[in-house]
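A quick write-up on the structure given underneath.
Heavy-atom basis, side chains included; hydrogens, waters and symmetry copies ignored. For ligands, and for the atoms within them, numbers begin at 1 and follow the listed sequence. Since the model is a prediction, treat every value here as computed from it, not as a measurement.
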Amino acid sequence: MIARRLGKSVALIERGKHPRVVIGESSTPLTNLLLEELSDRYDLPSVRPLSKWGTWQREHPEVACGLKRGFTFYHHNLEKEKDVILSEGRDAAGVEGPASPLSDRTQQLLVAASPHDEISDTHWYRADFDHFLIREAQKLCVDYLDETALAAFTESDSEVLLEGTRHGQPLRIAAKFVVDASGPRGFLHRALGLSERELPGFPPTQALYSHFENVRRIDELQTAAGEPYPVDDAAVHHVFDGGWIWVLRFNNGITSAGVAATDEFAEKYSFGDAAGSWRRILERIPALEAQFASARAIRPFARIPRLAFRSAEIAGRRWALLPSAAGFVDPLLSTGFPLTLLGVSRLAEIFANDWGSPSLAPSLADYAAQTDADLLATSRLIAALYANMSNFPAFVSLSLLYFAAVSYSETARRLGKPQLASSFLLRDHPEFGPVSGGLLERAQKPLKEAESQALTDEILAAIEPVNVAGLGDPARRNWYPVDPDDLLRSASKLNATEAEVIALLQRCGFQLR
Ligand SMILES: Cc1cc2nc3c(=O)[nH]c(=O)nc-3n(C[C@H](O)[C@H](O)[C@H](O)COP(=O)(O)OP(=O)(O)OC[C@H]3O[C@@H](n4cnc5c(N)ncnc54)[C@H](O)[C@@H]3O)c2cc1C
């Protein structure tokens with residue numbers, strides 16, 4: 001759609017047929033801000049309502065989605081939790097064990113992403129969402145060719161040629177440029193025989209997932225007691241040694257759930273027998289077992305035997321991989337969409353500004369370098385989280401590096417000061433970038449208790465210059481609502497006046513005294 005707005009003629013080639021189900025569903029404040037910015041910059045008013053729950057519900061109720069008020073984490077001990085709960089709080093030796101993470105705040109992290117539903121984030125029910133985008137693209141005269149099997153890509157001095165078949169007929173498309181949006185290990189990666197590179201320090205991981213109906217809400221199992229938002233209306237993460245489970249609820253009765261875990265965990269729970277493996281994991285987590293007691297998978301389980309991916313090359317003379325085709329780390333923290341939209345935004349600027357220049361090579365080399373650097377920064381963060389999934393205090397502290405960076409970035413951009421946060425996870429920020437990088441390097445292995453306490457203190461010092469959300473305040477005890485006073489107190493960190501912050505809060509629907 002952006003390329004059409006820039007005056008190009010566009011063919012959109014799809015192997016399958018919409019509507020179709022794909023994974024990757026949960027959006028974040030940065031995702032939605034980028035969607036808004038792209039809609040405004042490239043005059044795509046039909047897409048803009050999908051950047052917030054309120055406008056989405058009013059303008060496109062036919063496109064299913066879920067309400068995401070925040071990031072909910074529960075920490076579980078799969079070896080003990082079930083035994084302790086069955087024996088009413090005591091283990092076999094009679095020693096008192098942990099309470100259910102649903103009631104024990106030390107085993108929770110709740111980070112609100114929005115103050116109320118109207119401007120809240122969403123989970124995208126991709127069958128509907130992507131189909132909607134396809135129809136909108138067609139309205140802008142994008143040539144949509146579905147059920148197309150591409151077989152070859154050849155490049156000459158003046159163009160590229162894509163060859164394949166559609167409905168049994170040969171198909172040839174000559175183009176000036178190809179953007180590959182076909183996902184990890186996708187079309188160009190294979191057609192050009194590109195190699196894979198390692199994500200340094202990232203463990204080998206895999207995933208299992210499906211869509212379910214009749215999944216009960218957590219707040220039906222546990223009475224809410226002042227949480228910063230309804231805990232189910234969120235991306236719900238259940239974290240344990242070696243992996244984690246996501247639960248994302250849509251407004252059409254369907255819930256997406258799955259598990260991402262190390263190879264070691266996958267072997268222990270026999271991921272090869274997907275449905276059985278899912279059942280065996282849930283049996284170790286009483287809260288999830290209760291939530292899924294009457295649930296039914298409405299699709300066969302899918303398994304991804306290797307989640308992480310990094311392409312050795314990202315762009316050529318007449319082609320570029322979107323970030324989602326160039327690499328992937330893990331669904332944890334929903335980084336896929338913002339990375340992809342940052343890539344869309346960078347490519348759009350290249351098309352808008354450099355198309356007529358003798359060579360796109362310098363801009364595309366920069367695009368490739370930025371895309372790879374974003375991927376590596378994401379990988380370093382998530383590797384540290386994986387290494388410390390059994391040490392929840394360390395996991396929580398490490399995750400504050402993410403929440404501090406993204407909340408600062410979002411606020412800076414919403415204040416019209418994007419130069420304060422020009423890179424993903426603030427990796428290029430002069431102070432925060434190198435310090436957070438160093439801390440994450442140290443946490444690429446499981447931390448002992450004393451190490452993790454020292455690291456926590458250093459993390460709190462590191463986030464201070466960009467902490468605009470009261471993160472790490474011990475009085476909050478791991479529950480972080482959106483509190484306008486945090487932002488007002490942090491105005492100077494954003495080079496903003498109190499009046500600018502008040503105006504921003506009012507735009508976000510806060511009634512200020
Ligand atoms: C388990 C899992 C969970 C995730 N969860 C999240 C999340 O919660 N939040 C988040 O932000 N990100 C998440 N991601 C990442 C997210 O899925 C991607 O960032 C996102 O889907 C990228 O969208 P896309 O349209 O570029 O690619 P995809 O969604 O991968 O779509 C690729 C499209 O290309 C088509 N295609 C493939 N090969 C060809 C071919 N040869 N020719 C023509 N067409 C082809 C496919 O049919 C498909 O329609 C997750 C990823 C995984 C693996």
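- Heavy-atom proximity to atom 6 (C) of ligand 1, evaluated over Ala191, Gly164, Ala151, Gly24, is greatest for Gly24.
- Closest heavy-atom approach to atom 3 (C) of ligand 1 within the set Ala308, Pro331, Gly183: this belongs to Pro331.
- Classified by interplanar angle (parallel below 30°, tilted 30° to 60°, perpendicular above 60°), the ring pair His237/Phe71 is parallel.
- Residues that satisfy the side chain to side chain donor-acceptor pair (under 3.5 Å) test with Asn214, not counting sequence neighbours, are absent from this structure.
- Residue-level proximity to ligand 1 for Glu14 is carried by backbone and side chain together, each with a heavy atom below 4.0 angstrom.
- At a 4.0 Å heavy-atom cut-off, ligand 1 touches Ser324 through the side chain alone.
- When Trp124, Phe129, Phe328 are ranked by how near their heavy atoms come to atom 52 (C) of ligand 1, first place goes to Phe328.
- Under a 4.0 angstrom heavy-atom cut-off, Arg126 registers as being in contact with ligand 1.
- By the criterion of a heavy-atom distance under 4.0 Å, both the backbone and the side chain of Ile23 are placed next to ligand 1.
- For His123, the closest heavy-atom approach to ligand 1 does not fall below 4.0 Å.
- Between Glu59 and Arg48, no side-chain nitrogen of the basic residue sits less than 4.0 Å from a carboxylate oxygen of the acidic one, so the salt-bridge criterion is not met.
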Under 3.5 Å donor-acceptor pairs involving side-chain atoms of residues 140-153, not counting sequence neighbours:
| from | atom 1 | to | atom 2 | distance (Å) |
| --- | --- | --- | --- | --- |
| Asp146 | OD1 | Arg166 | NH2 | 2.7 |
| Glu147 | OE1 | His167 | NE2 | 2.8 |
| Thr148 | OG1 | Leu145 | O | 3.4 |
| Thr148 | OG1 | Asp146 | O | 2.9 |

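- Under 4.0 angstrom from ligand 1, the non-hydrogen atoms of Ile13 all belong to its backbone.
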